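Quick caveat: nothing in here was measured; it's all calculated off a predicted structure. A note on names: the letters A, B, ... follow the listed sequences, proteins ahead of strands, and every chain is numbered from 1.
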Amino acid sequence: MLRYTCKRLATGLLALYVLVTAAFFLTRMMPGSPFQGGDATEAVTAAVEEAYGLKEPLWRQYGTYLGNLLKGDLGISYKKPGVTVRQVIGRGWPATALVGFLAVVTAALFGTLLGIWQALSKRRTVRGSIFLGTLLGAGIPNFVLALLLALGFGVKLKLLPIAGLTEPAGYILPVFSLAVYPTAVITKTMCHALEDELEKEYVKMARAKGLKWRRTVVGHMLKNAWIPVLNYIGPAAAFLLTGSFAVESIFTIPGLGREFVNSIANRDYTLILGLTVFMGVVVIGVNLVTDLLCAWLNPAVRRACR
Amino acid sequence: AEKGQEKTAGEQEITVAVNSETGGLDPAGMIALTYLSYSAALDELVAFDEKGELVYRAAESYEVNETSDIWTFHLRKDAVWSDGTPVTAADFINTMARALKPESGNGYANYLFPIRNGEAIYNGEADVESLGVTAPDAYTLVFELEKPCVYFLDLLRLPVYTPSCVKYADKVGSGWDKEPQTSVANGPFYLEEYVPEQYFVLKKNEKYWNADAVKLSRITYRFFHDQQSMANAYETGEVDVATALPGAVMELYEGKEDLVVTDTIATRYIYPNLEVKPLDDVRVRRALNLAVDRKELCEMVGKDTEPTVNFVAKYMKDKGADTYFTEGAEPPFEENVAEAKRLLAEAGYPDGEGFPVLTYNYPSLEMDSDTAQVLKEQWKKNLNIDIELKAQELQVNYTERRAGNFELCRMNWTADFADPYTYLSMLLSYSTYNCSGVRDADYDAIVEQSDGETDREARARLMHEAEQLAVGEEFYIIPLYTMKSCNLIRPAVKGVGQIPATGALDYRGAYRAE
Amino acid sequence: MSLLCVKDLHVQFHEREQEEEAVRRLSFTVRPGEVLGVVGESGSGKSTAMQAILGLLPERAQVSCRQITLDGADITPPPPGADRRSRRMYERKMEGVRGCRIGMVFQEPLSSLNPSVKVGRQITETIRAHRKCSKKAAKERAAELLGMVGILEGEMRMRQYPFELSGGMRQRVALAIALAGEPRLLIADEPTTALDVTVQAQILDFLKRIAEETGMAMILVSHDLRVIAALCRRMLVLKDGVLVEEGTAEQMFQNPKHEYTRELVRHGARLDEPPKFVENVEYGKAGDSLLAVDAVSRAFSRGGSGRRIEAVRRVSFQIGRGETLGLVGESGCGKSTLASLVTGMLSPDGGTVQYHGEGRVQMVFQDPYASLNPRMTVGDALAEPLMLNTDMSKEERSQRVREMLLMTGLRPEDAAKYPQAFSGGQRQRICIARALIAEPRLVVCDEPVTSLDVTVQAQILELLERVQRERQISYLFISHDLQVVRRLSRRVGIMYAGSIVESGEPETVYKEPWHPYTRALLAAALTHGPQRGGQCNGSMHSTGMYSAGMHRIKGQAADLPERGCPFAPRCAYAMERCGREMPEMYRIGAREVACFLVHRKAASQPHIGAQSAQAPHEYGI
Amino acid sequence: MRRWIRKGWAWCLGNPLLASGTFLFALCLLLAVLVPVCAPYSYAEQNAGFRNAGSSVSHLFGTDKFGRDIFVRVWYGAGISLLVGMGSCLICGVTGTLWGSVAGYRGGRLDMLLMRIADVIDAVPSLLYVILIMLAFEANAGSVVLGICISGWTGLARVVRGEIQRLKMQEFCTAARLAGARTGRILCAHLLPNAAGPIIVNLTFLAPKAIFTEAFLSFVGVGIAAPAASLGTLIQDARSQMLLYPSQMLYPILVLCVLLLSLHLIGEGVERRVAGRKKTR
Ligand SMILES: Nc1ncnc2c1ncn2[C@@H]1O[C@H](COP(=O)(O)OP(=O)(O)OP(=O)(O)O)[C@@H](O)[C@H]1O
Ligand SMILES: Nc1ncnc2c1ncn2[C@@H]1O[C@H](COP(=O)(O)OP(=O)(O)OP(=O)(O)O)[C@@H](O)[C@H]1O
Ligand SMILES: [Mg+2]
Ligand SMILES: [Mg+2]
């Protein structure tokens with residue numbers, strides 16, 4: 001397991017390097033310049049581009065960037081005066097991460113529970129309504145849901161705040177609107193995986209052993225059924241933890257998702273790049289953890305990767 | 001911040017929703033959208049109020065020589081920064097000097113070019129010291145201009161002409177402007193707290209020379225990313241004022257006290273590219289212009305638009321008069337479909353036959369997209385010609401427009417200062433914003449002449465003439481509509497003013513009614 | 001006063017369209033401390049009936065029963081149309097019964113263990129489900145249980161996953177789990193099928209002892225009359241879901257009434273007879289070898305620790321065309337691993353496996369259920385080798401599948417069913433059919449007939465023989481059943497702890513075993529019929545009939561010495577040299593033995609011939 | 001061909017979920033194809049005199065702010081959404097399944113390599129690709145699909161890989177290999193059917209995800225070019241007027257839900273079929 005972990009870590013770092021390179025050139029491929037705003041004149045644009053080193057040959061810029069990256073310096077934002085990319089991440093990430101984390105936890109928790117309930121319930125009504133619920137949950141784009149929630153609970157009922165995270169109640173709606181879709185997916189994945197497991201002989205055996213049903217489900221079936229769920233949660237968590245532009249915009253959350261889309265719109269190269277690299281670290285990190293967890297859950301892999 | 005609705009009227013605090021954070025609070029810094037909200041914290045030298053009356057702010061008087069090229073301002077001796085330092089002429093020069101460094105990225109630096117050597121300094125051809133602004137003493141500021149400028153006072157509300165405290169403001173982009181300790185103000189409010197991307201709080205400046213006239217004790221500006229959310233937050237009571245809302249809000253709040261519509265000096269129009277085949281023919285341009293039903297267009301696009309056939313925005317005041325500039329002359333042309341058809345036929349495209357499919361570039365904003373769709377339909381109906389719609393991401397649209405890479409391109413101009421010159425100058429052969437290939441020596445001559453003209457009426461005449469030439473005869477542009485700004489203000493909040501040029505709200509005199 | 005009383009049990013599967021019930025009107029009782037044997041044809045509903053008692057059948061099975069009582073308490077399952085409440089009540093009631101009052105060992109041990117949970121936890125959780133105790137205590141108890149069922153190094157085994165255990169070990173783990181709750185009644189469904197005779201003897205002995213000591217009653221389901229006869233006083237005979245005969249073991253053996261019982265007994269007896277030599281089998285000439293295995297070794301890691309288990313060590317043998325090599329050996333000695341090496345599914349750590357035939361080596365897996373794709377109908381599974389290896393048309397294929405099903409005693413309609421819908425024995429036959437259908441050159445059969453009752457077994461063996469005759473197929477035949485091996489193979493290899501310790505013709509090897517291990521193995525083999533009638537009186541209070549006059553070997557293959565003969569620690573004849581050196585294979589005529597005892601003699605008599613080959617004990621051991 | 005159709009038909013009818021899903025889906029498809037063709041209005045035809053109208057006989061779903069018939073637009077949009085959804089579902093499904101199964105089945109170095117590639121592709125926020133592609137090409141359904149497909153398959157690949165890893169150790173897989181099955185056959189006939197549950201769940205969620213991404217693009221400002229519209233852009237366009245004319249937003253949402261419902265029903269039905277679970281238990 002240790003060797004596997006090391007190997008996995010090393011390849012993860014390699015992937016990160018490839019990512020930085022790819023992202024660097026991808027951002028430069030975008031048409032438009034960071035300094036051609038509505039108001040800036042040609043001279044200003046040229047002068048500023050010069051000042052930021054955008055006129056240098058691309059490979060030189062790349063070298064400089066890599067060098068700085070190693071020092072942990074992601075550069076300064078082109079479009080936010082006096083703000084370094086690290087600062088942008090530093091203030092955007094907490095909100096995004098917290099909302100994302102809560103959403104992941106909510107989705108994992110409710111998804112798992114609902115999935116188990118759907119798979120194991122003997123009542124048609126329960127199974128049917130959870131099935132319908134997953135349909136609805138997966139059937140509404142999250143920004144529409146966010147809008148409707150903001151409208152319903154905020155504007156109409158005035159129950160919950162809809163702008164910002166200044167109070168704990170402010171988390172409810174964004175987290176909910178982010179969590180609904182993954183919850184639906186997890187519910188469904190879980191339910192199907194469990195239905196597969198239900199047919200296995202070992203379940204019968206566990207019952208024959210006199211294990212409580214709950215223990216059978218938790219200690220045995222889930223261990224197998226979690227693998228597909230985990231494999232979904234990983235990328236989903238990575239996605240949520242890097243922020244959703246729509247939900248952040250609608251609920252006025254000062255997060256990274258919004259920052260990212262804006263940076264693209266502004267052609268704020270360093271910021272796009274910095275955010276991409278940062279999100280890449282999150283994504284690759286989360287995938288790494290998922291992989292390790294899966295390997296750990298899967299004895300065949302666990303033994304094989306010794 | 002706290003919820004607006006929970007506050008009692010006596011507290012004299014308001015929460016304002018503003019568009020999301022762009023730029024900083026440094027008047028010499030990058031495009032300062034945020035700065036505009038912040039403007040309640042900085043006193044300009046002089047300003048114009050809603051009625052067009054001159055108000056003295058940091059200056060208590062000014063003189064101008066006969067040729068309008070030397071302007072002398074006398075600063076208030078009793079004015080101090082919020083930390084107690086006196087406001088001096090050096091503070092004003094500080095902003096200008098910093099803004100003239102190209103790396104400041106300040107979008108308003110070109111408005112310093114009328115000052116002697118301003119442009120040369122910006123282009124690195126002259127030293128900052130040689131700038132035509134001098135301070136004979138700490139409380140006198142003298143501007144020497146390259147050439148006469150009658151609208152110089154209008155320019156003074158631009159950020160580059162406001163002061164920044166020499167003590168703290170050393171470099172653009174060093175972040176001093178967002179630090180409550182260093183971001184001192186000479187206006188009625190000063191910065192109390194700044195949370196990036198979320199909100200900032202202005203507190204009443206008790207040291208302000210006119211502090212008695214200020215009633216609010218605190219203004220919280222909250223950044224919103226999405227106009228719909230802004231309107232929603234107003235609904236839930238999380239903010240007291242929501243600005244720059246979408247047009248649908250006007251319909252929704254029709255007849256309610258909350259709705260405050262302000263006049264923006266802005267025109268939306270289309271650049272036809274004169275270098276592209278049929279568009280080089282003035283008859284075709286004219287036909288396109290005459291075939292647009294602007295009234296119907298505005299009905300569909302939203303209540304916050306008003307049809308116009310002028311280039312200069314409708315709400316631009318005529319200097320010295322109480323009327324709008326556009327009212328000073330006949331409209332450049334009248335819509336007329338039959339005439340348009342005739343012109344098109346004359347140009348060789350009877351009933352649109354053989355007319356190439358032109359592409360219309362516009363940024364993918366809702367309003368522009370709506371406009372484009374209506375135009376497409378109208379031209380099809382009226383002239384039987386097809387245009388292809390090409391929605392572009394905002395940055396791409398800018399870039400392509402600037403490069404002249406288009407056939408028809410949407411353009412919007414919001415005046416930076418309240419003088420028609422801001423519009424007319426755009427079509428000068430050498431203007432940066434002239435990207436459709438207008439090279440008209442006559443036009444250039446008229447506009448330049450008007451720029452040097454100190455006589456108000458003669459100047460107005462020249463400008464009308466220029467507009468008529470550009471819009472009514474040569475049809476260099478296709479004007480569509482002017483815009484209004486739609487705001488929601490809680491009825492209990494009174495005294496919110498309007499900054500004349502931009503239609504932005506001014507909270508200096510605002511207060512909460514009991 | 002009976003412990004368990006079943007009245008009129010019916011089980012019907014939805015899948016069966018015909019009015020054929022899997023179990024029909026089954027009634028029987030079990031007295032406290034009694035061992036009840038249940039025999040019957042493969043697919044006769046034994047497993048189904050046992051599971052129905054515990055309410056473990058899937059929901060698509062309709063169970064109806066007049067009454068089931070346990071110790072006077074009613075545990076009748078609710079009738080098919082019962083409402084949810086009564087079903088939930090029943091489930092709750094059964095939770096208190098399963099595991100602690102009635103323990104159960106399932107037929108297929110690999111599938112019934114959760115593949116992703118360590119063996120240790122599967123035992124400890126059972127212990128902790130029935131008794132309040134600390135984790136540590138449970139662990140200790142689990143190790144103890146493993147020891148009782150004959151698995152040494154329990155601590156290490158507990159850290160392994162089920163797939164890391166040998167078939168027999170899994171079965172014993174399942175037994176340990178069933179016993180963990182200290183039940184009043186143990187239902188054991190073929191608990192010793194995967195065990196070699198020595199271990200089987202141990203286990204049966206152990207079960208008997210438990211029954212004696214704790215008064216635990218037992219229902220022993222088996223197709224193996226010898227096992228039944230060894231343990232049970234009373235037995236039931238099932239056929240086609242119906243109880244056809246019931247009575248004491250002696251009665252059954254001596255005076256079977258029902259046709260099927262008679263058949264059973266007769267077949268069983270025939271197995272005991274010396275084999276009729278199959279004259280017409282033409283063995284390939286020497287050198288015409290199909291498979292040559294040369295000094296292959298294979299090791300596995302042991303439960304997360306650094307040391308390795310040497311499952312197969314330097315094994316060499318050859319199989320000629322049309323020849324059968326039988327392989328017998330203690331549970332866990334590496335037979336299945338060797339089989340995997342032969343098929344190429346595992347690559348050896350050292351040595352070579354050379355296969356000269358065309359096509360792939362086919363294999364009948366030890367665990368038939370696990371080797372069938374649950375998402376594929378049996379028909380498709382059978383047609384697959386045909387599809388991949390021949391260019392038959394679809395019709396031809398299904399024709400062939402039908403034939404094959406018939407040949408293995410299944411019905412052509414079964415082709416459309418999924419593997420879940422079959423009994424253990426039926427699945428085993430499906431696997432055999434799959435291995436044979438493409439007519440390969442070599443088939444490795446890993447315990448292929450363990451779950452088959454004697455009648456079906458005979459049919460299958462006949463099939464194997466016939467195919468061999470007709471197609472010149474070779475078999476590597478792994479079985480713990482010495483009789484079966486004798487019947488089928490020309491040569492037999494005795495395997496111990498990863499090495500082949502003796503090989504030769506079954507006749508001679510059985511008659512005069514040379515290696516001490518072989519002797520122990522043969523001695524442990526059960527013979528047909530109730531053991532000396534009288535000893536089996538009443539409730540198992542006889543002193544273990546296996547002990548009498550038998551060379552019991554103690555310990556387990558697992559505790560291997562670092563050096564020397566692996567059997568030395570358990571060998572009654574071990575010399576000092578045995579602990580130091582590993583004996584080589586000594587060839588004496590057609591026989592090969594790895595024992596110094598033989599070597600000494602062989603060395604002193606260089607011209608030893610096959611006819612003068614003598615058992616080691618004749619040399620005064 | 002005929003026989004195939006008949007067989008497929010029988011296959012569908014055997015399962016009520018599948019049958020109803022297929023029926024709904026076919027209905028949606030039919031409407032999406034027929035309505036824009038047969039309706040008396042085109043999706044782009046404006047009618048200044050009849051703006052923001054409610055439902056009526058001539059305009060079933062009413063009209064939008066340009067006086068365009070919403071019924072026609074909604075079904076036209078459904079067509080584009082379907083194209084985007086099914087297109088990317090197909091491409092991502094095939095890529096993801098292939099990628100994941102090869103990585104999972106082969107394991108070792110290849111697995112590491114393939115999964116790291118997936119990681120890198122995954123790590124660049126998909127929005128960046130989509131925007132780049134939308135900038136590079138036209139803003140039409142094709143580029144949306146392309147943009148989504150660049151990174152859309154990685155999640156599925158991961159799930160498939162996990163399942164394959166879990167299943168490949170099982171004995172039936174070994175048995176199949178002995179029967180002479182090659183990698184392809186083992187994957188298709190043995191491993192994937194056993195992993196069908198999670199795969200199909202993920203597949204059924206791929207289509208809606210693509211539809212959402214497409215809708216989200218118009219939220220960001222790089223979507224299908226007007227006046228063409230997808231369900232997502234319709235919802236997005238109606239957003240600014242949602243308080244005034246909620247029905248303009250509701251109808252596309254409703255159709256979207258029906259569409260997704262049919263997809264989910266099909267997914268569920270196929271899964272049951274593949275799993276050999278005839279009944280809903
Ligand atoms: N995949 C594996 N990982 C680790 N150890 C294994 C593995 N497979 C087999 N072993 C070990 O190798 C040894 C031999 O196992 P094998 O299955 O070959 O025995 P066997 O002779 O077939 O026994 P049985 O008759 O009980 O089936 C056992 O100790 C077992 O624990
Ligand atoms: N889940 C099931 N669905 C449908 N039919 C089944 C199912 N399980 C068993 N059967 C059928 O019921 C009959 C009895 O099966 P059972 O497993 O009880 O036989 P058995 O006596 O244990 O046989 P064996 O000795 O081969 O294990 C068989 O014909 C089998 O095909
Ligand atoms: Mg059975
Ligand atoms: Mg084995």
Side-chain angles (χ1 to χ4, degrees), chain A residues 7-8 11-12 14-16 18-19 22-23 26-27 29-31 127 131 134-136 138-144 147 151 184-185 188-189 192-193 195-196 224 227-228 230-232 234-236 238 242 245-246 260-261 264-265 272 275-276 279-280 283-284 287 290-291 294 298 300-301 304, chain D residues 107 112-113 115-120 122-125 127-129 131-132 135-136 154-155 158-159 161-163 165-166 168-169 194-198 200-202 204-205 208-209 211-212 215-216 219-221 232 235-236 239 242-243 249 253 256-257 259-261 264 268 271 275 277 280-281:
Chain A
K7 224 158 79 190
R8 186 64 189 72
T11 53
L14 196 72
L16 206 61
V18 176
L19 166 74
L26 272 183
T27 46
M29 265 161 54
M30 277 200 231
R127 292 205 309 268
F131 178 67
T134 53
L135 276 186
L136 279 182
I140 301 180
N142 67 7
F143 72 87
V144 176
L147 281 173
L151 194 67
V185 183
K188 226 166 163 178
T189 313
H192 280 240
E195 278 177 1
D196 279 356
N224 295 322
I227 290 181
L230 206 65
N231 270 313
Y232 170 76
T242 50
F245 171 76
F260 183 68
V261 173
I264 294 183
I272 301 178
L275 286 174
T276 305
M279 291 178 181
V283 171
I284 291 179
N287 286 345
T290 320
D291 264 12
C294 280
N298 184 345
V301 178
Chain D
M112 276 283 179
L113 181 73
M115 289 329 279
R116 269 351 99 226
I117 293 177
D119 266 357
V120 172
D122 215 17
V124 177
L127 200 61
L128 200 59
Y129 298 119
I131 290 182
L132 273 175
L135 295 181
T154 50
R158 217 157 250 129
V159 171
R161 170 180 171 261
E163 286 299 277
Q165 265 184 354
R166 186 165 70 97
K168 75 168 175 191
M169 293 302 189
N194 277 284
I200 289 175
V201 171
N202 270 272
T204 44
F205 281 97
K209 201 173 150 209
I211 294 177
F212 294 174
F216 169 72
F219 186 92
V220 183
I235 296 172
Q236 169 63 13
R239 187 161 96 87
M242 84 184 179
L243 287 176
M249 187 162 163
I253 291 186
L256 183 63
C257 284
L259 206 62
L260 296 182
L261 176 78
H264 282 289
E268 193 89 353
E271 203 271 339
R277 277 194 281 267
T280 4
R281 273 193 307 121

J.: Flag the pair D:Met249 / A:Val144 as yes when at least one side-chain heavy-atom distance between them is below 4.5 Å, and no otherwise.
T.: yes

J.: Against chain A, label D:Ile235 side chain, backbone, both or neither, depending on which of its atoms sit under 4.5 Å from a heavy atom there.
T.: side chain

J.: Could D:Arg116 and A:Asp291 be called an ion pair, given the rule that one side-chain N must be under 4.0 Å from one carboxylate O?
T.: yes

J.: Between chain A and each of D:Gln236, D:Met115, D:Arg161, count heavy-atom pairs under 4.5 Å; write down the option with the most.
T.: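 Maximum pair count with chain A is reached by D:Arg161.
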
J.: I need the minimum non-hydrogen distance between D:Pro125 and A:Thr276, along with the two atoms involved.
T.: CD-CG2, 3.8 Å

J.: Using 0.5 Å steps for rounding, measure from the SG atom of A:Cys294 to the CZ atom of D:Arg166.
T.: 10.5 Å

J.: With a 4.5 Å cut-off on side-chain heavy atoms, are A:Asn287 and D:Arg158 touching?
T.: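 They are in side-chain contact.
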
J.: For the CZ atom of A:Arg8 and the CG atom of D:Asp119, what is their distance to the nearest 0.5 Å?
T.: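 Answer for the CZ-CG pair, A:Arg8 versus D:Asp119, is 5.5 Å.
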
J.: Less than 4.5 Å to any heavy atom of chain A: does that hold for the side chain of D:Lys168, its backbone, both, or neither?
T.: neither

J.: Using a cut-off of under 4.5 Å on heavy-atom pairs, state which of A:Leu151, A:Val261, A:Leu16, A:Leu14 scores highest against chain D.
T.: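 Looking at each option in turn, the highest pair count goes to A:Leu151.
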
J.: Between A:Asn142 and D:Phe212, is any pair of side-chain heavy atoms under 4.5 Å apart?
T.: no

J.: Flag the one option from A:Leu136, A:Leu135, A:Leu230 with the top tally of heavy-atom pairs under 4.5 Å to chain D.
T.: A:Leu135

J.: Is the shortest side-chain heavy-atom distance between D:Thr154 and A:Pro235 below 4.5 Å?
T.: no

J.: Mind checking whether D:Val124 and A:Leu19 have side chains closer than 4.5 Å, heavy atoms only?
T.: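 They are in contact (side-chain heavy atoms under 4.5 Å apart), so the answer is yes.
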
J.: What part of D:Val120 lies closer than 4.5 angstrom to a heavy atom of chain A: side chain, backbone, both or neither?
T.: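 D:Val120 touches chain A through backbone and side-chain heavy atoms alike.
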
J.: Of all of A:Lys188, A:Met279, A:Lys7, which one pairs up most often with chain D through heavy atoms under 4.5 Å apart?
T.: A:Lys188

J.: With a 4.5 Å cut-off on heavy-atom pairs, point out which of A:Asn224, A:Thr134, A:Thr242 contacts chain D the most.
T.: A:Asn224

J.: Could you tell me which non-hydrogen atom of D:Leu260 sits nearest to which non-hydrogen atom of A:Ala138, and how far apart they are?
T.: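 Taking D:Leu260 first and A:Ala138 second, the nearest heavy atoms are CD1-O, 3.7 Å.
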
J.: Once you round to the nearest 0.5 Å, how far does CD of D:Glu268 lie from NE2 of A:His192?
T.: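 So the CD of D:Glu268 and the NE2 of A:His192 are separated by 3.5 Å.
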
J.: Side chain, backbone, both or neither: which part of D:Asn202 has an atom under 4.5 Å from a heavy atom of chain A?
T.: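 Side chain only.
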
J.: So which atom in A:Ile284 and which in D:Ala123 form the shortest heavy-atom distance, rounded to 0.1 Å?
T.: CG1-CB, 4.1 Å

J.: Could you tell me which non-hydrogen atom of A:Val185 sits nearest to which non-hydrogen atom of D:Phe205, and how far apart they are?
T.: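 Nearest pair, atom of A:Val185 first, then D:Phe205: CG2-CD2, 3.4 Å.
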
J.: If you count heavy-atom pairs under 4.5 Å between each of D:Gly197, D:Gly155, D:Gly232 and chain A, which one has the most?
T.: D:Gly197

